[in-house]
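Data first, discussion second: the structure below is written as structure tokens.
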Amino acid sequence: MPTRIVTRFAPSPTGYLHIGGARTALFNWLYARGRGGKFLLRIEDTDRARHNEAAVEAIIDGLSWLGLDWDGEPISQYARRERHAEIAYALLDKGAAYRCYMTTDEIEASRLRAIETKSRFESPWRDADPATAPDGVPFTIRFRAPRDGETSVDDVVQGIVKFPNSALDDLIILRSDGAPTYNLAVVVDDHDMGVTHVIRGDDHLNNAARQQQIYAAMDWPIPSFSHVPLIHGADGAKLSKRHGALGVDAYRDLGFLPEGLANYLIRLGWSHGDDEIIPRVKALEWFDIAGINRAPARLDLSKLEHTNAHYMKALDDRAVVEKSAPFFARASVALDDGRRAQLLRAAPFLKERAPTLAAIVDAAGFLFLARPLDLSGKTGKALEKEGARALLAEIAGKLAGADWSSPEGLETSLKDFAADRAIGFGLIGQPLRAALTAGHSAPSLGEVLYALGREQGLGRIEDAVSP
RNA sequence: GCUCCCUUCGUCUAGUGGCCGAGGACGUCGGAUUUUCAAUCCGAAAAUCACGGGUUCGAAUCCCGUAGGGAGUCCCA
């Protein structure tokens, strides 16, 4: 118990931070940080071809954007290959591994034979006399896995999982070119990094048994394992390119807030009773591996949007402007100082109805229209009604003397006007809305007027009165 | 083929033997807001708890099997 918790996130650099990986990272981060432990980052680039700086950068960007920080420098598995080889040879010295001189073809043949005879694949070199080894021929180092009995993994999420050793054959731990293999590298690195809790995708559950055997052979303490189910696409199949957005960067570009994505992700496959809105502080307090579900979960964009909308509403007004600016740029809407000021003024109402930052651009559509507004077609229908324009003129008069310092004041003015005339609000609301927004969706009229400001607001009404 | 994992409303889930003739959330549908709307509020439909056995006075909850889905099966991670 007194040992400090150490978790790690170990992605392979594929070019972006996978949405599923982001969730595992989040779980690891939450578990460690919520308990005063350490969270480490390791890049699984054992395979030389995977060693790619740009891809590592993408992962770092993704994690940072999500607000997940790690202790120390990211560790490169590739950089530790000599240490891995050292352990492979240590295993060899202990007799827990052996040199295998089989060629690829021999392995293939032997593998097929094993399947046919329902026996486990075994290298003839496992028990061969080392003296008979060929000279100058490349060899791999194989782990000498126990033939009988079973290996049971005590997994926090999955429970106790038993594997008959007959199903676990002698895996290669060091390739013929001297490079370590995944299962060896993970064990060595996790051990050296002092990882106490391994939380990762359940596609690694099978590996856990093999890795556990290596731990045992080295006499190293076995960490706590938690294998969490993968995230699937809306159709239930494993998430792949055809599902669209895979990397967290794609969700950022869609206008999601890191807080929103994180909240949605943590709720996917994990629960704390009926709680849906779980801000970071609560997540740190509540997160526990025990709450993780064993079944894979599907990604649901609608719910993501709903969750994100919650965090949009909570956004500070200045943040609404700053964070949505890139989305205006992308929509080719130039934001000069004047428009930024307008946007800031409207921010309190816009964020109420925009589920994403990208949606702010649409929600602000009515703001930046140039006078005179295009009131042709369906938009101006409300203005064509008998007496509509005359009524608008009167409203303009009333508004000219109104209090423009708050949306409420303007709303009250309009309501009073309707009450004085003893007419339904709809009668003035419809033409007014048309004059002010030209059919764009917008907040309540008091808010629209306030956001537009006296000059622009009154101006638009004038335009509609005398086209 | 073999080994392992999974299976509660369309989706995410609550639920660890009686409080469940199954609760919440998203979505959907209907209504309200005498002003648009993707916002807000209210309401409704929606799961024979994959299926079949068993244990038990009693099972979504325990056991066995079947089906479907997923992972692994070697010089990928």
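No experiment lies behind these values; they were computed from the predicted model shown. Chain letters run A, B, ... following the sequence lines, proteins first and then strands; every chain starts at 1.
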Nucleotide forming a Watson-Crick or wobble pair with B:C2, both distances under 3.5 Å | B:G72
So does A:Ser176 reach the base of B:C75 with its side chain, donor to acceptor, closer than 3.5 Å?
-> yes
Could you list the residues that satisfy salt bridge (charged side-chain N to carboxylate O under 4.0 Å, His left out) with A:Glu106, not counting sequence neighbours?
-> none
Taking N and O atoms by type only, does the side chain of A:Glu116 place a donor or acceptor under 3.5 Å from a partner on the base of B:G1?
-> no
Find every protein N or O atom lying less than 3.5 Å from an N or O atom of nucleotides 28-30 of chain B, and list the pairs.
none

Pick one: which of A:His204, A:Arg210, A:Gln211, A:Gln213 meets side-chain hydrogen bond (donor to acceptor under 3.5 Å, both in side chains) with A:Asn183?
-> A:Gln211
Distance, C1' atom - from B:C49 to B:U61, rounded to whole angstrom | 10 Å
Looking only at atom P, what distance separates B:A38 and B:U33, rounded to whole Å?
-> 16 Å
Can you tell me the pairing partner of B:A25 across any strand shown, Watson-Crick or G-U wobble, with both distances under 3.5 angstrom?
-> B:U11
Atom pairs, N/O to N/O, protein against nucleotides 48-50 of chain B, distance under 3.5 Å?
none

Using a heavy-atom cut-off of under 4.0 Å over every strand shown, decide if A:Met102 touches base, sugar-phosphate, or nothing.
-> base
dist A:Cys100:SG -> A:Asp170:CG (nearest 0.5 Å) comes out at 9.0 Å
Is A:Ser302 touching bases, backbone alone, or none of the nucleic acid, heavy atoms closer than 4.0 Å?
-> sugar-phosphate
Between B:C76 and B:G72 - C1' atom distance, rounded Å | 12 Å
Which part of the nucleic acid does A:Arg298 contact within heavy-atom distance under 4.0 Å: base, sugar-phosphate only, or nothing?
-> sugar-phosphate
For A:His204 and B:A77, do the ring centres fall under 5.5 Å apart while the planes stay under 30° apart?
-> yes
Between atom CG in A:Leu432 and atom C1' in B:U34, what is the gap in whole Å?
-> 16 Å
Across all strands shown, which nucleotide pairs with B:U40 by Watson-Crick or G-U wobble geometry, both distances under 3.5 Å?
-> B:A32
N or O in side chain of A:Arg175 less than 4.0 angstrom from B:C76 OP1/OP2 = yes
For B:U66, which nucleotide in any strand shown is its Watson-Crick or wobble partner with both distances under 3.5 Å?
-> B:A50
Show me the protein contacts with nucleotides 4-8 of chain B, counting only N or O atoms at under 3.5 Å.
{"from": "B:C5", "atom 1": "O3'", "to": "A:Gln158", "atom 2": "OE1", "distance (Å)": "3.1"}
{"from": "B:C5", "atom 1": "O2'", "to": "A:Gln158", "atom 2": "OE1", "distance (Å)": "3.3"}
{"from": "B:C6", "atom 1": "OP1", "to": "A:Arg294", "atom 2": "NE", "distance (Å)": "2.7"}
{"from": "B:C6", "atom 1": "OP1", "to": "A:Arg294", "atom 2": "NH2", "distance (Å)": "2.7"}

Could you check whether A:Ile107 gets within reach of a base, just the sugar-phosphate, or nothing at all, counting any heavy atom under 4.0 Å?
-> base
Any chance you could list the contact pattern along nucleotides 35-45 of chain B? Use B for base contacts, S for sugar-phosphate-only contacts and - for none, protein heavy atoms under 4.0 Å, 5' to 3'.
-> BBBBSS-----
Any salt bridge between A:Asp275 and A:Lys282, counting N to O under 4.0 Å?
-> no
Contact nearer the 5' end of RNA chain B, comparing A:Gly273 with A:Asp203 | A:Gly273
Listed pairs, N/O of protein and of nucleotides 62-65 of chain B, under 3.5 Å:
none

